[in-house]
*Asks:* 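Pasting a structure here, questions to come.
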Amino acid sequence: MTGPEIPESHPRYESLLTRHRIEEGVDLGITSKQGLIAQGRGEAFDYLLGEETIPSADAAERVAAAHLLAAERPVISVNGNVAALAPGETVALAAATGADIEINLFNRTDERMERIAEHLREHGAERIKGLAADGRIPGLDHERAKVDADGIGSADVVLVPLEDGDRAAAIAETGTTELVVDLNPLSRSAKAATVPIVDNVLRAVPNVTAHAEDLAGADEAALAELIGSFDAEATLDAAEERIRSGGPSCDRLT
Ligand code: ATP
Ligand code: MG
């Protein structure tokens, strides 16, 4: 899935590719209309961040990789935007970390669940969770609480790209270590996270994979040290500072 008429040399290639994939996701019945709105909000923040992985996000991505590798039951949560934007990248991250993939939708319909599962299978996913929906996240209303009991329901570490703030907070309440990808450092999702990754999911997921591959030989103590030295608040502050100051690449945006 690539942008048909977008030359890679275009200065905003990635942004246009992202739009194209989301539009295609809506056409395929994978992405919801609300997903388009979430995309628009994300795009604005990405523009302000300079449409690049800032150093604090890269550091968070390495810590997220360490969490996934150190976990006993890691799960990557996939919604309609993530499925449209980074299906193959998500499958590659699951393979690199031994994580399960679970489909978890804000607006859950059986049809959309099935379409996303099919789309992920086309991109190489073998086992997909989320369809059983035999577990619940406490503190959420019925539909939004649904998870698989042997997936997010009993995971020790969950990567949730673009999670809704309410649900991110409810998952954090259960004591599960939560790794959140969200371009808005002020969002409740990012604030609820053990590890907030303020980056575009399109860049973040492959970069977590690259870090996981790099850390594959690391022992438990090395992973624990990386994990223990992480400061979530400082990470959010660094992203906010980049947005407010324009950062080193602000000239690119004028
Ligand atoms: P809350 O404050 O409760 O977290 P929200 O307003 O952030 O709520 P939504 O609008 O549903 O809730 O969330 C969409 C979020 O997803 C936004 O914060 C947006 O920045 C982020 N987002 C959208 N597209 C991407 C993307 N491609 N990569 C990373 N984050 C994205
Ligand atoms: Mg949010």
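We use all heavy atoms of the structure for the numbers below, so side chains are in, but hydrogens, waters and symmetry mates are not.
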*Asks:* Above 12 or not: heavy atoms from other molecules or residues under 6.0 Å from CD of Glu225?
*Replies:* no

*Asks:* Could you verify whether a donor N or O on one side chain and an acceptor N or O on the other, from Thr53 and Asp199, lie under 3.5 Å apart?
*Replies:* yes

*Asks:* Does the Ser154 side chain pair with the main chain of Ala149, one donor and one acceptor, at a distance under 3.5 Å?
*Replies:* yes

*Asks:* Which heavy atom of Tyr47 sits nearest to which heavy atom of Arg12, and what is that distance?
*Replies:* CD1-NH2, 3.4 Å

*Asks:* Answer yes or no: is there a donor N or O on one side and an acceptor on the other, between the side chain of Arg21 and the main chain of Ala84, under 3.5 Å?
*Replies:* no

*Asks:* Check whether Glu61 reaches the backbone of Asn207 with its side chain - one donor and one acceptor, N or O, closer than 3.5 Å.
*Replies:* no

*Asks:* So, Arg136 side chain and Lys146 main chain: donor-acceptor pair closer than 3.5 Å or not?
*Replies:* no

*Asks:* State whether the side chain of Asp148 and the backbone N or O of Ala133 hold a donor-acceptor pair below 3.5 Å, judged by distance alone.
*Replies:* yes

*Asks:* In the hydrophobic clustering that connects Ile, Leu, Val, Met, Phe, Trp and Tyr at side-chain heavy-atom distances below 4.5 Å, which members other than Ile227 occupy its cluster, ordered by chain and number?
*Replies:* none

*Asks:* Hey, is Arg19 close enough to Glu23 for a salt bridge, meaning N to O under 4.0 Å?
*Replies:* no

*Asks:* For the pair Asp156 (side chain) and Arg73 (backbone), establish whether a donor and an acceptor sit closer than 3.5 Å, ignoring hydrogens and angles.
*Replies:* yes

*Asks:* Backbone N or O of Arg203 within a donor-acceptor pair of the Asn200 side chain at under 3.5 Å?
*Replies:* no

*Asks:* Quick one: does any side-chain atom of Arg188 pair with a main-chain N or O of Ala169 as donor and acceptor, under 3.5 Å?
*Replies:* no

